[in-house]
Number of protein chains: 2
Amino acid sequence: MASSGFHTHDHVKCVAEALGALESYCQTEGLKFTTLRRRVFELLLEEHKAMGAYDILDRLRTEGFSAQPPVAYRHLDFLVAHGFAHKIERLNAFIACTHIGALHDPAFLICRECRTVSETMSDSSILALHHRASDADFQIEESVVEAIGTCPDCR
Amino acid sequence: MASSGFHTHDHVKCVAEALGALESYCQTEGLKFTTLRRRVFELLLEEHKAMGAYDILDRLRTEGFSAQPPVAYRHLDFLVAHGFAHKIERLNAFIACTHIGALHDPAFLICRECRTVSETMSDSSILALHHRASDADFQIEESVVEAIGTCPDCR
DNA sequence: TCACTATTGTTATACTATAACATCAGGAAA
DNA sequence: TTTCCTGATGTTATAGTATAACAATAGTGA
């Protein structure tokens, strides 16, 4: 058991399912499930914490991979582009998606201390914004909700 | 008239009121309403567009001010800290607040083309997130909603 | 075998932000 | 009036984040 979004869960299963999802997604889409793609995703999945690109890079370096910035950004961008990770703008950091497969606008609770992030689907919670957008003839392509605060463990 | 948040408004009045608000705020709080504070705020108010710190810096430079990065960041941070501007994380940029005086969690409609930003108060629109937060015993200190898309003018 | 495409490797550089310390201006206290 | 204190600004250097551009490689199908 480990903490995800400030509550415990079966983390081993959680990681296995996520990796499995990425693998089948790659097969379906004709993309390669390469060592680096897998490894970067694993690193994000280790803890439910936001990791900076350069954190990833350090980990890759100690593991003997090539570790120039584009390596980290390429794989992180790959994961984000295909819905397996999100970027937390507020932290300039990345986190594994916990709602893989669900088309969703994410909402995050972000602990400013430990960078643990709980992801929820914002679904109708930003309905008001969508109303305002359509009133203004503004076409929303994606939206993000980021709430900063402190988690129970850090108080 | 000029565009604010994708609709027209009396921009001259809008700017005058905002500057006036900053001036009286400074008086009330015993802060100085200095040339640079005023000028940086004016630059943000010129158009309702997000400006990067280095955009501000370029403008200051052409106007003969000292233009090292800390100058821009100091005054932008001042405006943000006192509620007269917001940072748009998604763009690494800043925008004048259009709800001065109202304690609020802002929500933004951001045009990816022209960087025009419409600010609204998110008020109850992220209520669901607050519920989830209290369920998790997570204490939200501030929250931001950023929606990216394209504005009518850019389509 | 060849050619094509996706992926990875590498160098260099651009963009964003802050630490740290020096200087200056104005008001309060001696 | 001088001294001291505080808030604001000036300046240098550096840290942190991100991407452009191109080279090399590996696997695939023609």
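For residues 49-79 of chain B, every residue pair satisfying the ring-ring contact (aromatic ring centres under 6.0 Å, His included) rule, not counting sequence neighbours, is listed here: B/F78-B/H82.
Rounded to whole Å, the distance from NZ on A/K87 to C1' on D/dT19 is 11 Å. One interatomic measurement links the two molecules: CG of A/L31 to C1' of C/dT8, which rounds to 15 Å at whole-angstrom precision. Spacing between atom CD1 of A/I56 and atom C1' of D/dG16 amounts to 16 Å, rounded to whole angstrom units. Straight-line distance from the CZ atom of A/F33 to the P atom of C/dT7: 13 Å, rounded to whole Å. Summarising the geometry, the separation between CZ on A/R90 and C1' on C/dA17 is reported as 14 Å, rounded to the nearest angstrom. Rounded to whole Å, atom C1' of D/dT19 lies 14 Å from atom CG of A/L57.
By the rule that hydrophobic residues join a cluster once side-chain heavy atoms approach within less than 4.5 Å of another member, B/L44 and B/I88 end up as members of separate clusters.
A salt bridge links A/D58 to A/R61: at least one charged side-chain nitrogen sits closer than 4.0 Å to a carboxylate oxygen.
Proximity note for A/P70 (side chain, C-beta onward) versus C/dT10, C/dT8, D/dT9: the nearest is C/dT10.
Between the CG atom in B/L22 and the CZ atom in B/F84 there is a gap of 5.0 Å [rounded to 0.5 Å]. Rounding to the nearest 0.5 Å gives a distance of 13.5 Å between CZ of B/R74 and CG of B/L79.
In summary, the aromatic rings of B/H99 and B/H86 are positioned with their centroids too far apart to meet the 6.0 Å limit.
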Side-chain donor-acceptor distances from residues 145-152 of chain B under 3.5 Å, at least two apart:
from, atom 1, to, atom 2, distance (Å)
B/E146, OE1, B/R90, N, 3.0
B/E146, OE2, B/E89, N, 2.8

(message) Walk along nucleotides 23-30 of chain D from 5' to 3' and tag each nucleotide B, S or - by protein heavy-atom contact under 4.0 Å, base first, then sugar-phosphate.
(response) --------
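Place B/N92 and B/R74 on DNA chain C by their nearest nucleotides, and B/N92 ends up nearer the 5' end. If you find the closest nucleotide of DNA chain D to B/R37 and to B/Q68, the one lying nearer the 5' end belongs to B/R37.
Looking at B/Y54, its side chain comes within 3.5 Å of the base of C/dA17 through a donor and an acceptor atom. One cannot find a donor-acceptor pair under 3.5 Å joining the base of C/dA19 and the side-chain atoms of B/Y73.
Proximity of B/H75 to the phosphate of D/dT9: a side-chain N or O atom is located under 4.0 Å from OP1 or OP2.
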